[in-house]
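Each remark here refers to the structure printed beneath this line.
Proteins come first, then strands; the chains are lettered A, B, ... in the order of their sequence lines, and each starts at number 1.
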Amino acid sequence: SQQGEEDPQALSIQEGENATMNCSYKTSINNLQWYRQNSGRGLVHLILIRSNEREKHSGRLRVTLDTSKKSSSLLITASRAADTASYFCATSQGAQKLVFGQGTRLTINP
Amino acid sequence: ETGVTQTPRHLVMGMTNKKSLKCEQHLGHNAMYWYKQSAKKPLELMFVYSLEERVENNSVPSRFSPECPNSSHLFLHLHTLQPEDSALYLCASSQGQGSYGYTFGSGTRLTVV
């Protein structure tokens, strides 16, 4: 069954603006991960946040996790054309497999 | 390169053909996965191998047959496929099944004609 659901399904912004994507999930988790996929390619792991963490940063990426609301957000600051891709959240319940959402398609316009 | 290599990158096969997809990782990971990605659908987990043993088979039709001869290699054998099996097939590996990030290969774009 699908665990993570991303919102919005598609997002189009101007280069330099910030992009925010959200992920909601249904059951308790051990960690939540974000991945990026360029068209027709494999997924690339971006960041992992554990259930006891509330916020993590990696370069221009900022991820938050609210376990009480069962939601997470991915913020990309100062977006670039190269950030155009699909972004997926995935959840893990302990030593269980990852379950992926349907993704958000992000387009950065020059 | 991510450390997970998939071959071939593209494959066109007829419904009566037999072909195999190959995945190789040299990251020292102990779990490997096959995912199917179709247009406008979430990633579908097909098979999970942990320590070379199949630990999950998500109701995948028998025309897909996985093989994991050692911890570095994973195959997906295909036979008598249907046009709806056309998709991007992704291999991934990880250390443990969910505690760390997955490393994906670039995928095999399969077209069944």
Side-chain angles (χ1 to χ4, degrees), chain A residues 1-10 21 23-53 56 58 61 63 65 72 74 85-105, chain B residues 1-7 9-11 21 23-25 27 29-51 54-59 86-111:
Chain A
S1 62
Q2 186 176 333
Q3 168 77 310
E5 292 189 12
E6 291 90 343
D7 170 57
Q9 290 190 344
M21 288 158 275
C23 171
S24 61
Y25 57 91
K26 295 184 174 66
T27 63
S28 63
I29 61 171
N30 174 268
N31 67 69
L32 184 144
Q33 304 179 28
W34 285 92
Y35 288 78
R36 183 187 74 233
Q37 183 181 33
N38 290 91
S39 181
R41 307 285 294 184
L43 280 72
V44 175
H45 180 257
L46 296 176
I47 201 163
L48 181 153
I49 186 165
R50 301 195 186 282
S51 59
N52 61 352
E53 298 175 309
K56 281 190 91 166
S58 177
L61 305 181
V63 168
L65 179 64
S72 173
L74 170 66
S86 292
Y87 291 82
F88 296 85
C89 70
T91 54
S92 169
Q93 298 172 285
Q96 301 299 313
K97 62 187 183 296
L98 284 185
V99 179
F100 288 83
Q102 287 193 295
T104 291
R105 175 68 191 168
Chain B
E1 290 300 327
T2 65
V4 177
T5 303
Q6 286 188 246
T7 54
R9 289 295 316 278
H10 301 273
L11 178 62
L21 309 185
C23 177
E24 187 173 352
Q25 62 96 1
L27 301 170
H29 289 166
N30 59 14
M32 296 186 77
Y33 315 82
W34 280 115
Y35 282 88
K36 175 184 177 183
Q37 188 176 36
S38 305
K40 299 182 180 179
K41 282 187 176 182
L43 267 75
E44 299 173 56
L45 178 63
M46 300 176 73
F47 301 104
V48 179
Y49 276 83
S50 178
L51 299 172
R54 191 192 311 181
V55 296
E56 185 147 346
N57 174 349
N58 274 358
S59 302
S86 297
L88 181 67
Y89 288 85
L90 293 165
C91 172
S93 70
S94 70
Q95 187 60 27
Q97 286 188 48
S99 300
Y100 303 96
Y102 286 14
T103 302
F104 280 82
S106 296
T108 294
R109 173 66 64 185
L110 173 67
T111 303

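- When all heavy atoms of A/Phe100 and B/Pro42 are compared, the pair lying nearest together is O-CB, 4.4 Å.
- Among the candidates B/Phe104, B/Tyr102, B/Tyr35, the single residue satisfying the side-chain contact (heavy atoms from CB on, under 4.5 Å) test with A/Leu43 is B/Phe104.
- Heavy-atom contacts from other residues, nucleotides or ligands closer than 6.0 Å to CD of A/Gln9 number 12 or fewer.
- Within the model, atoms CZ of A/Arg41 and CZ of B/Arg9 stand 4.5 Å from one another, a figure rounded to the nearest 0.5 Å.
- Looking at B/Gln37, only its side chain comes within 4.5 Å of chain A, counting heavy atoms on both sides.
- With a 4.5 angstrom heavy-atom cutoff, A/Gln37 touches chain B only via side-chain atoms.
- Listed by chain and residue number, A/Asn22 satisfy the side chain to side chain contact (heavy atoms under 4.5 Å, CB included) test with A/Asp7 (two or more places apart in sequence, or in another chain).
- B/Glu24 pairs by the salt bridge (charged side-chain N to carboxylate O under 4.0 Å, His left out) definition with B/Lys22, not counting sequence neighbours.
- Contact annotation for A/Arg50: only side-chain heavy atoms (C-beta onward) come within less than 4.5 Å of a heavy atom of chain B.
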